[in-house]
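Structure, as structure tokens:
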Protein chains: 2
Amino acid sequence: MAGEKAHHERCEGHGHAHSPHSDVAAMIERARAFAAARKLPFTEMRARVLTVLAREEKPLTAYEITDRLSVSKKVQAVQVYRGLDFLQEAGCVHRLASKASYFACDHEHHPGEAVVFMVCSHCGTVQEAPSDLVAQGLQGAAEHAGFKPAHPIVELEGECARCSETKAA
Amino acid sequence: MAGEKAHHERCEGHGHAHSPHSDVAAMIERARAFAAARKLPFTEMRARVLTVLAREEKPLTAYEITDRLSVSKKVQAVQVYRGLDFLQEAGCVHRLASKASYFACDHEHHPGEAVVFMVCSHCGTVQEAPSDLVAQGLQGAAEHAGFKPAHPIVELEGECARCSETKAA
DNA sequence: CAGTGAAGTGTAATAGTATTACACCACGGC
DNA sequence: GCCGTGGTGTAATACTATTACACTTCACTG
Ligand SMILES: [Zn+2]
Ligand SMILES: [Zn+2]
Ligand SMILES: [Zn+2]
Ligand SMILES: [Zn+2]
């Protein structure tokens, strides 16, 4: 559960948001490893869904993914949802609750960590950053209420650096 | 933007989660005051939606609200959504993004505050608690990323005190 | 006191998100 | 070979949210 600083250093080279991921192949590899560890197949469909998300700058809805995949070969939403389920378990994809959409992640996450999804209301990109303070705050609130915390969702709507600059110019 | 302690003291008498609100009338009054301040009518429909939520222990979906209201007189979902929009602006109702459902709130909220919604995965109740640490963490993450924060969503799934006890017994 | 405009209502239709059901296929272990 | 687990493809359905439009209410103003 590294400190905020340490974690940020790990995230360098990642630049703005999770822009068209430099490294789609690496993400595929991570998913494949997860599948192997669980002795589950890393199927064509799973790879295709992840690839679409990894190439995209912004979160996509399940139906947007469906549409893109359908260009090459008709697929149905339920197939995409199945792929998304797997990829979320693998930690390769997150769901943005506030937008009911999905985006690829190339971070390693750790249990107990609290990750903030910063969503730009102007351009739609998402940038994620773990925060120990937030984790502590959640922990504290839970403790105070006798609540046993499991899975946090932390989303912050606002305006990303790039969009702020653009406007200023 | 009081400290965690101070805020919690203000919340006493509120007991477990936002159980069938002791004080439906007070919540109505709050909504009415908001409406008056904006010179907007506090209509029948708005009151009916709020009343249903205030009497309920758990969040309800818009369609569940629709069904309850329809018992006395048939209403349509869109009418409920309109009521919910108003009530959310008034700060009397929150939306739980992770469940696409709505619940009444009898707290006062303040700008810049970060409120944690603790959602019991067993009984479904929601308990809210403001956290300064979380607020600071969000602020810090945003600052570090050059992100201009606007509206946070913080939800924590887990098990409430009551359910934990019950199991232990 | 008619005219106007902002805001709400009631109804219908539609868009958008997610799940269930089921028949069939692929593969690894016995 | 047979079976069990897990994936696929297809259809149907459930659930969540919004748009459109005709009509009403009410406060304001000329
Ligand atoms: Zn991530
Ligand atoms: Zn932006
Ligand atoms: Zn509240
Ligand atoms: Zn509970």
Side-chain angles (χ1 to χ4, degrees), chain A residues 31-32 34-50 52-53 58-90 92-103 119 124 153 155, chain B residues 31-32 34-50 52-53 58-90 92-103 119 124 153 155:
Chain A
R32 189 188 306 283
F34 171 87
R38 299 264 196 119
K39 296 199 201 298
L40 293 176
F42 183 65
T43 63
E44 176 66 14
M45 193 66 211
R46 289 166 183 183
R48 292 219 291 155
V49 170
L50 179 53
V52 166
L53 285 179
K58 301 189 290 183
L60 295 177
T61 68
Y63 279 82
E64 286 170 338
I65 298 168
T66 303
D67 289 345
R68 300 201 196 218
L69 291 181
S70 290
V71 170
S72 46
K73 179 194 161 204
K74 172 76 181 175
V75 303
Q76 285 196 310
V78 64
Q79 302 172 262
V80 171
Y81 280 108
R82 293 197 279 231
L84 289 171
D85 287 346
F86 173 89
L87 294 167
Q88 287 176 90
E89 294 218 349
C92 298
V93 164
H94 300 303
R95 175 173 195 268
L96 200 59
S98 58
K99 297 280 172 57
S101 58
Y102 305 82
F103 63 97
V119 187
I153 294 176
E155 301 181 9
Chain B
R32 190 189 305 282
F34 171 86
R38 299 265 196 117
K39 296 199 199 301
L40 292 177
F42 183 64
T43 63
E44 177 67 14
M45 192 66 211
R46 288 166 186 184
R48 293 220 291 155
V49 172
L50 179 52
V52 166
L53 285 179
K58 303 189 290 184
L60 295 177
T61 68
Y63 279 82
E64 286 170 338
I65 298 168
T66 303
D67 289 345
R68 300 200 194 215
L69 291 181
S70 291
V71 170
S72 47
K73 179 193 161 205
K74 172 75 180 177
V75 303
Q76 286 197 311
V78 63
Q79 301 172 263
V80 170
Y81 279 108
R82 292 197 281 230
L84 288 171
D85 287 346
F86 173 89
L87 294 167
Q88 287 176 260
E89 295 219 347
C92 298
V93 164
H94 300 302
R95 176 174 195 267
L96 199 60
S98 58
K99 297 280 172 60
S101 58
Y102 304 83
F103 62 98
V119 187
I153 294 176
E155 301 180 9

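Every chain is numbered from 1 and lettered A, B, ... according to where its sequence line falls, protein lines coming before strand lines. Values below: all heavy atoms of this structure, side chains included; hydrogens, waters and symmetry mates excluded.
- The heavy-atom pair separating A/Gly124 from A/Pro59 by the smallest distance is O-CD, 3.2 Å.
- One can place NZ of B/Lys99 at 13 Å from P of C/dT19, the figure rounded to the nearest angstrom.
- Distance CG (B/Leu84) to P (D/dT16): 13 Å, rounded to an integer number of Å.
- Stacking between B/Tyr63 and D/dC15 is absent: the ring centroid is not both under 5.5 Å from the six-membered base ring centre and under 30° in plane angle.
- The 5' end of DNA chain D is approached more closely, in terms of each residue's nearest nucleotide, by A/Val78 than by the other of A/Val78 and B/Arg82.
- Within the 4.0 angstrom heavy-atom criterion, only backbone atoms of the sugar-phosphate kind lie near B/Arg95; the bases stay farther away.
- Minimum interatomic distance between A/Arg48 and A/Ser72 (heavy atoms only, all atoms of both residues): NH1-OG, 3.1 Å.
- B/Ala97 approaches B/Glu155 most closely through the heavy-atom pair N-OE2, 2.7 Å.
- When the C1' atom of D/dA17 is taken as reference, atom CG of B/Asp85 falls 10 Å away, rounded to whole Å.
- A heavy atom closer than 4.0 Å to some atom of DNA chain D occurs in A/Lys73, A/Gln76, these being the qualifying members of residues 64-76 of chain A.
- Each of B/Gln79 and B/Leu40 has a nearest nucleotide on DNA chain C; the 5'-most of these lies closest to B/Leu40.
- Looking at heavy-atom distances under 4.0 Å, B/Tyr102 makes contact with sugar-phosphate atoms alone, never a base.
- Closest approach of A/Tyr102 and A/Leu53 over heavy atoms only: O-CD2, 3.3 Å.
- To the nearest angstrom, P of C/dG16 lies 18 Å from CG of A/Leu96.
- Atom CE of B/Met45 is separated from atom P of C/dG10 by 8 Å (rounded to the nearest Å).
- Between A/Gln88 atom CD and C/dT17 atom C1' there is a gap of 14 Å when expressed in whole angstrom units.
- For the pair B/Arg48 CZ and C/dG8 P, the interatomic distance rounds to 17 Å; values are reported in whole Å.
- In this structure, B/Thr61 does not reach the D/dC15 phosphate: none of its side-chain N or O atoms is under 4.0 Å from OP1 or OP2.
- Taking every heavy atom of both residues into account, B/Phe42 and B/Ala31 meet most closely at CE1-CB, 3.4 Å.
- Side-chain contact check for A/Arg82 versus A/Val78: some heavy-atom pair is nearer than 4.5 Å.
- As rounded to whole Å, 13 Å separates atom P of D/dG6 from atom CZ of A/Phe34.
- Panel note: side chain A/Arg46, backbone A/Pro41; a donor-acceptor pair is recorded below 3.5 Å.
- For B/Arg46 against C/dG8, a side-chain-to-base donor-acceptor contact under 3.5 Å is absent.
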